[in-house]
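Below is one structure; the comments refer to it alone.
Order of the sequence lines fixes the chain letters, A, B, ..., with proteins taken first and strands second; residue numbering starts at 1 for each chain.
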Amino acid sequence: MYLSNQRKLNRTNICSQLDREMIGEEATVAGWVQRTRDHGGLLFVDLRDRSGLVQLVFSKKISAEALKMAERLGQEDVIAVKGLIRKRPEENINREIATGEIEIMGEEIELISPSETPPFLIEDKVNAGEDLRLEYRYLDLRRPEMLEIVKTKHQTMQAIRGFLSQRDYWEVETPILTRSTPEGARDYLVPSRLHRGKFYALPQSPQLFKQVLMASGVERYFQIARCFRDEDLRANRQPEFTQIDIEVSFIDLENFQREMEELMREIFSLKGISLPREVPRLSYREVMDRFGSDSPDTRFGLEINDLSGIFADSEFRVFSGTIADGGTVRGIRVPGGAEFSRSQLDRLEERVKEFGAKGLAWLVFSSEEVSSPIAKFLSEKEFQQLREKLEITAGDLLLIVAADYKTAVASLGQLRLDLGCKLDLIPEDSYDLLWVEDFPLFTYNEEEERFEAEHHPFTAPLPEDIELLEENPAEARAAAYDLVLNGEEIGGGSIRINNRELQSKIFSLLNMSEEEAEEKFGFLLKSFSYGTPPHGGIAFGLDRIIMLLTGRKSVRDVIAFPKTQRATSPMTKAPGTVSPEQLKELNLKTISPEEE
RNA sequence: GGGGGUGUAGCGAAGUGGCUUAACGCGCCGGCCUGUCACGCCGGAGAUCGCGGGUUCAAAUCCCGUCGCCCCCGCCA
């Protein structure tokens, strides 16, 4: 026996449409049973749809039959109810909900789809662990705060499309099945059935295609593009994520960046957030020096200081020796940090060790003296210089790392963030937007003993640094720029190379042969040989933007169906096994761990 | 690959060697209740304490291993 899909009651209004204006009218609403309150002979139902809640009333006086049915309702049953909209008695108005002034007198009720008892309650103050929420993601998404995020993401994408379309950008799709390219992240591979032993790769970003689109004369391109990177996950990193990908020909960088700032302002205004008019531009070197991060959170102080000048000739060999070996000594002054307990300081030391620092020196300043495990190695003159340089006052804590430059600033940069959080120095409702520029073109990979592109191999050097490519490539800076909001990198881009000779030079510095370059992205190079406009662009991380827009701590909260940290889906159970037939068709064999 | 945290009824959680027949709250089931909106009141069911092994007269509790989830390092042009 099959139940009919035919329904008696058809919805006339969504919950939030019901208001004072409709008192006295008849309406049919439909949705999920949030909660019932049975008073015996009088029963209330909170009905929820995506727009909100409305209260339904059932009683013998209205309809004994409807009351009887309502008494059997459970959480999350889907029902439709027809009845008169009535103003609630004055003393029973609920100011907490939008429709609190009215209620619907339940005359007819239809149970459209009953629900099992849900594994957790559908309400904003969620009481379930995240793995359970992900397994029952459809229930989790029903929670108003989650639907609000889904809606915000939709509205954001609409705003982006509107903004860019209005400015003559064209939305163009690029392939999901493409080919693996060297450098960058690990690729997700897709075996080819028609070509034994060959593989497609899912794009890490549409980078090459958007540049070909510039060679194609599209001039102004954008795409809300899915990207795939098979790397380990983090709170702000998913293996598949969405980029707002943008590229323009004949680019005027100043104007372009201003346009992108305007796009961000438009997006954040959707949630009533006004981003600052003035967007500072800081050099990579400066942000690393001051904040120890290329995506600095500038909403609070605790900046890093260079103390090498003070300790270059120190009796304390750990400091002076590090400096003599080409390293540096850097420190953070923590106002009021004298309060920290020994175990708290130990935890801070553990933290910097994670980043490769050998240790963390601490000095507690009172008005007269300095207490520190290393105090006996330091001179009165050094203390005095520290007091002056750092404007130290009584009760301050000074944390010092001596190491190579990168380790010193990176570990202190992380410490700075931890302390900012712990000491509650980060104003939640402020939004600090800034550009980071003048990135190095290359980073040196110690293990592989070669240069790697800091951004990607098509990034142009700054014009004034082109000569450095010959004598000192490590010092060459890139025409690249990141946009940073509240310490989160939300976008990054560059001016691209559109000159074959320069591109060849870069490939050779990256230790990539002409043959290899030809093999891997010959199509791009070839396209450039038929007349290519100068171009550049940017890509924004949509998920991170939505995360900031909605005040979330994890991108999992703003992706409808995210993966766990181990890159699995508790709902679909992906990744899953496949049948031997499927493997055979693809000419694939799996190797068990023992066989390795 | 590494470091840290965590796992106890459907959910959240207390309990760190015997005083526990494993609290408490929510949810669920039964009953009562005509103005609730986290309704209230009465009663009830529901737990191989993640899994495997060990120590002990005795293990949720101690030890070893293992798995899931979370945070971080590495990695992420």
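Among the atoms of the strands shown, none is found under 4.0 Å from any heavy atom of Glu452(A). Residue Leu132(A) is classed as a sugar-phosphate contact, given heavy-atom separations below 4.0 Å to backbone atoms only. The residue Phe355(A) sits close only to the backbone: its heavy atoms come under 4.0 Å of sugar-phosphate atoms, none of a base. As judged by a 4.0 angstrom heavy-atom cut-off over every strand, Glu91(A) is placed among residues making no nucleic acid contact. Glu103(A) comes within 4.0 angstrom of a nucleotide base, judged by non-hydrogen atoms across all strands. Within the 4.0 angstrom heavy-atom criterion, only backbone atoms of the sugar-phosphate kind lie near Thr568(A); the bases stay farther away. Using a 4.0 Å heavy-atom criterion, one finds that Arg556(A) contacts the sugar-phosphate atoms exclusively. Using a 4.0 Å heavy-atom criterion, one finds that Thr459(A) contacts no nucleic acid atom at all. Using a 4.0 Å heavy-atom cutoff across all strands shown, Arg351(A) reaches sugar-phosphate atoms only and no base atom. At a threshold of 4.0 angstrom between heavy atoms, the contacts of Arg86(A) include nucleobase atoms, whether or not backbone atoms are also involved.
Using a 3.5 Å distance cut-off with no hydrogens or angles, the side chains of Thr181(A) and Arg179(A) do not pair a donor with an acceptor. Remark: the Tyr221(A) side chain and the Asp245(A) side chain contain an N/O donor-acceptor pair separated by less than 3.5 Å. In the model, Thr117(A) has no side-chain atom that pairs as donor or acceptor with a side-chain atom of Gln75(A) under 3.5 Å. Asp187(A) and Gln204(A) share a side-chain donor-acceptor pair at under 3.5 Å. Judged purely by distance below 3.5 Å, without hydrogens or angles, the side chains of Asp418(A) and Gln414(A) pair a donor atom with an acceptor atom. A donor-acceptor pair shorter than 3.5 Å can be found between the side chains of Ser51(A) and Asp49(A). In summary, the side chains of Ser411(A) and Thr407(A) do not present any donor paired with an acceptor at a separation below 3.5 Å, with no hydrogens or angles considered.
Counting distance only, with no hydrogens placed and no angle test, the side-chain atoms of Arg237(A) and the base atoms of rC76(B) include a donor-acceptor pair under 3.5 Å. Looking at Arg133(A), its side chain has no donor and acceptor atom pair within 3.5 Å of the base of rC69(B). Residue Asp131(A) places no side-chain atom within donor-acceptor reach of the base of rC69(B), judged by atom type and a 3.5 Å distance cut-off alone.
Projected onto RNA chain B by closest heavy-atom contact, Pro119(A) and Gly100(A) fall at different nucleotides, the more 5' of which corresponds to Pro119(A). Where Gly129(A) and Asp38(A) meet RNA chain B, the nucleotide closest to each residue was compared, and Gly129(A) sits on the side nearer the 5' end.
Nucleotides rG46(B) and rC64(B), compared at atom P, are 36 Å apart to the nearest Å. Of the P atoms belonging to rG10(B) and rC42(B), the separation is 26 Å, rounded to the nearest Å. With both ends at atom C1', the span from rC76(B) to rG68(B) equals 24 Å, rounded to whole Å. Atom C1' of rC49(B) sits at a distance of 10 Å from the matching atom of rG7(B), rounded to the whole Å. When the P atom is used for both rA59(B) and rU21(B), the distance is 13 Å, rounded to whole Å. For the P atoms, the distance from rG12(B) to rU6(B) is 16 Å, rounded to whole Å. Between the C1' atoms of rU8(B) and rU16(B), the separation comes to 13 Å (whole Å). Rounded to a whole angstrom, the distance from the C1' atom of rG4(B) to that of rG30(B) is 47 Å.
For Phe44(A) and rU36(B), the ring-to-base geometry satisfies the stacking test (centroid distance below 5.5 Å, interplanar angle below 30°). In this structure, the aromatic ring of His39(A) is not positioned over the six-membered ring of the base of rU36(B) within 5.5 Å between centres and 30° between planes.
The CD1 atom of Ile122(A) sits 11 Å away from the C1' atom of rC11(B) (whole-angstrom rounding). Rounded to whole angstrom, the span from the CD atom of Gln55(A) across to the C1' atom of rC39(B) amounts to 11 Å. If you take CD of Gln565(A) and C1' of rU6(B), they are 13 Å apart, rounded to a whole angstrom. Atom C1' of nucleotide rG35(B) and atom CG of Leu67(A) are separated by 14 Å, given to the nearest angstrom. Rounded to whole Å, atom P of rC72(B) lies 11 Å from atom CG of Leu417(A). With rounding to whole Å, Leu43(A) atom CG is found 12 Å from rU34(B) atom P. Spacing between atom NZ of Lys353(A) and atom C1' of rC72(B) amounts to 17 Å, rounded to whole angstrom units. Remark: P of rG74(B) and CD of Glu354(A) are 9 Å apart, rounded to the nearest angstrom.
Pairing for rU48(B) is absent, with no Watson-Crick or G-U wobble pair whose two atom distances lie under 3.5 Å. Under the Watson-Crick or G-U wobble criterion, with both distances below 3.5 Å, rU36(B) has no partner in any strand shown. Pairing for rG7(B) goes to rC67(B), judged as Watson-Crick or G-U wobble with the two contacts each under 3.5 Å. Across all strands shown, rA13(B) forms no Watson-Crick or G-U wobble pair with both distances under 3.5 Å. Across all strands shown, rG43(B) forms a Watson-Crick or G-U wobble pair, both distances under 3.5 Å, with rC29(B). Base-pair partner of rC62(B): rG54(B) (Watson-Crick or G-U wobble, both distances under 3.5 Å).
The side chain of Leu42(A) has rG35(B) as its nearest neighbour among rG35(B), rC37(B), rC70(B). For Lys125(A), the side-chain atoms get nearest to rA38(B) when compared with the rest of rA38(B), rC33(B), rC75(B). Distances were taken from every side-chain heavy atom of Arg37(A) (C-beta onward) to each of rU34(B), rC72(B), rC37(B); the shortest belongs to rC37(B). Distances from the side chain of Lys61(A) to the nucleotides rU36(B), rC76(B), rU34(B) place rU34(B) closest. Of the candidates rC11(B), rC37(B), rC75(B), rC75(B) carries the atom nearest the Glu231(A) side chain, counting heavy atoms from C-beta on. Picking from rC75(B), rC70(B), rG35(B) the nucleotide with the shortest atom distance to the side chain of Thr564(A) gives rC70(B).
Below 30°, between 30° and 60°, or above 60°: for His39(A) and Phe44(A) the angle between ring planes is above 60°, a perpendicular geometry.
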Sort me out a list of protein N/O and nucleotides 26-28 of chain B N/O pairs below 3.5 Å, or just none if empty.
unit_1  : atom_1 : unit_2   : atom_2 : d
rG27(B) : O3'    : Gln75(A) : NE2    : 2.6
rC28(B) : OP1    : Gln75(A) : NE2    : 3.2

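The shortest side-chain heavy-atom distance between Asp46(A) and Ile97(A) does not fall under the 4.5 Å cut-off. By the 4.5 Å heavy-atom criterion applied to side chains, Met105(A) and Ile85(A) are not counted as neighbours.
Between rG35(B) and Arg88(A), no contact under 4.0 Å exists linking OP1 or OP2 to a side-chain N or O.
Here the CG atom belonging to Leu441(A) is positioned 10.0 Å from the CG atom belonging to Leu468(A), to the nearest 0.5 angstrom.
Between Phe521(A) and Phe458(A), a ring centre-to-centre spacing shorter than 6.0 Å is recorded.
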